[in-house]
2 protein chains.
Amino acid sequence: MNRERKAPDVVIRRLPLYLRALELIDHNESPIISSEQMAQIIGTSAGQVRKDLSYFGVFGKQGVGYQTLALRDELRRILKLDREIRVGLIGVGNLGEALVRYHQKSPVHRPLQIVALFDTDPKKIGRKIAEVEVFPLEDLEKRIAEFKIKLMILTFPAVNVQEVVDLCVKNGVKAFLNFIPASIKVPFGVKLHTSDVTLELQSLAYYT
Amino acid sequence: MNRERKAPDVVIRRLPLYLRALELIDHNESPIISSEQMAQIIGTSAGQVRKDLSYFGVFGKQGVGYQTLALRDELRRILKLDREIRVGLIGVGNLGEALVRYHQKSPVHRPLQIVALFDTDPKKIGRKIAEVEVFPLEDLEKRIAEFKIKLMILTFPAVNVQEVVDLCVKNGVKAFLNFIPASIKVPFGVKLHTSDVTLELQSLAYYT
DNA sequence: TTATGTGAAGAGTTTCACAGCA
DNA sequence: TGCTGTGAAACTCTTCACATAA
């Protein structure tokens, strides 16, 4: 399996874990890393690490391992984290604000730039959260185009959700990170990941 | 397949979705609901709804459907949401505080009671967030026992994470909702669900 | 006639084990 | 010899289709 085939979503979701492991490692001390070492760090098996990487090409040397720095760069490239990705956020409530502050605080997030926030509350419009300006929701279409936003975080209350999402999609947003407790549909070619604290807590209750 | 077999985790994670659909519905207007109707609401297939439910017993009537109210109660029972589950949270930062406020605001969350918050910052100790008191982290063991905490939310900075988790497990915590960007190990019989915004954004970058 | 419950088929994912190269 | 890359096997999860019961 040599050149980029269709990797399953579940593999894509593990790549940032590998990337994090490589960024954690001092590449002067460990210029070479084995699939076994990576597996140890992130808590999986060496076989899975190798299988996952094999979807994207051949990165290691047999009998040796992987070059820490080179593999890190490959993963960044695969995940498109070697360029700037412009992110928006709709809904500047408690959670939205916490997310923006958290994100802006860490340099690890650099390629993912939060460039615009949106809200309907006139009191919030024009304010800045950690240097990022809040725009009125009416300007959504205009600003998505202006800022070239490709990824949208959804943290607004669960009304008109589908409508807002459709507007984003129409204007070129390709991926959503959704915190709204609602079922949302996106067309083929657009990716939606939902993180719903209520649902997660409820399913964890089963194991208590 | 008649009496509660081992249902896969992936099924457990969908049950709260079904429960939400049933709680959304006016059971006076719709005393009966079909697997197809539920599937429509949450965006899945009728077959999957029936298969998922079949892991826990026989709840419907052939040719008719499911009794909305009765199925809701069954799902609550299966998920253990028919009793009070005591929840703790470690790390009263931006995100921790936002989660507590969000959770306390909605009555849907009632069976899941956040009963204690923990932090190391002396300035925060003794404060109350939405009626819930902040305790010093040194009291963790004592308070887990006192409050009978079975589910812990982790929102503190990524230091000593494994140590704190081990302490929780030792004192009877059975499930964790983790927001800390770190690899955590829990013994068999304890459930950990990690929600890592950074990893989620990074994997979404792939699709932009 | 309708819609459930469920085996069986199909699709997807993980694990295994080994050939092959440094 | 050591560790990668990868088919094939094993396992898990989803979809299908139909017997069955109301």
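These figures come from a predicted structure and were not determined experimentally. Chain A is the first sequence line, chain B the second, and so forth, proteins listed ahead of strands; every chain is numbered from 1.
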Sub-3.5 Å pairs of nitrogen or oxygen atoms, protein against nucleotides 10-14 of chain D:
from, atom 1, to, atom 2, distance (Å)
dT14(D), OP1, R14(B), NH1, 3.0
dT14(D), OP2, R14(B), NH2, 2.9

From CZ of R13(A) across to C1' of dT14(C) the rounded distance in Å is 17 Å
Heavy atoms of I114(B) and V100(B) approach each other most closely as CD1-CA, 4.3 Å
Whole-Å distance, Q62(A) CD to dT4(D) P, equals 9 Å
Check your understanding: Does any non-hydrogen side-chain atom of I32(A) lie less than 4.5 Å from one of Y66(A)?
Key -> no
| message | Tell me whether the rings of F135(B) and F147(B) are parallel (<30°), tilted (30 to 60°) or perpendicular (>60°). | response | tilted
When rounded to whole Å, the CZ to P distance for the pair F59(A) and dA22(C) reads 17 Å
Q67(B) CD to dT4(C) C1', in whole Å, measures 14 Å
To the nearest angstrom, the CD-P distance between E36(A) and dT1(D) comes to 20 Å
Q37(A) atom CD is separated from dT4(D) atom C1', nearest whole Å, by 14 Å
*Distance check: side-chain N/O of S35(B) vs OP1/OP2 of dA3(C), anything under 4.0 Å?*
no
Atom CG of L53(B) and atom P of dA3(C) are separated, to the nearest Å, by 16 Å
Taking for K61(A) and for G47(A) the nucleotide of DNA chain C with the nearest heavy atom, the one nearer the 5' end belongs to G47(A)
For dG5(D) and Y66(A) - does any side-chain N or O of the residue sit under 4.0 Å from the phosphate oxygens OP1/OP2? yes
The nucleotide from dT6(D), dT4(D), dA3(C) with an atom nearest the side chain of S34(B) is dA3(C)
Any side-chain N or O of R50(B) under 4.0 Å from OP1/OP2 of dG5(C)?
no
message: When you compare the side chains of S203(A) and R13(B), does any donor N or O come within less than 3.5 Å of an acceptor on the partner?
response: no
Test item: Q162(A) side-chain N/O and K185(A) main-chain N/O as donor-acceptor pair under 3.5 Å: yes
What I want to check is whether the side chains of Y207(B) and D9(A) have a donor and an acceptor closer together than 3.5 Å.
yes
Looking only at heavy atoms, the pair that brings T155(B) and G96(B) closest together is OG1-CA, 3.6 Å
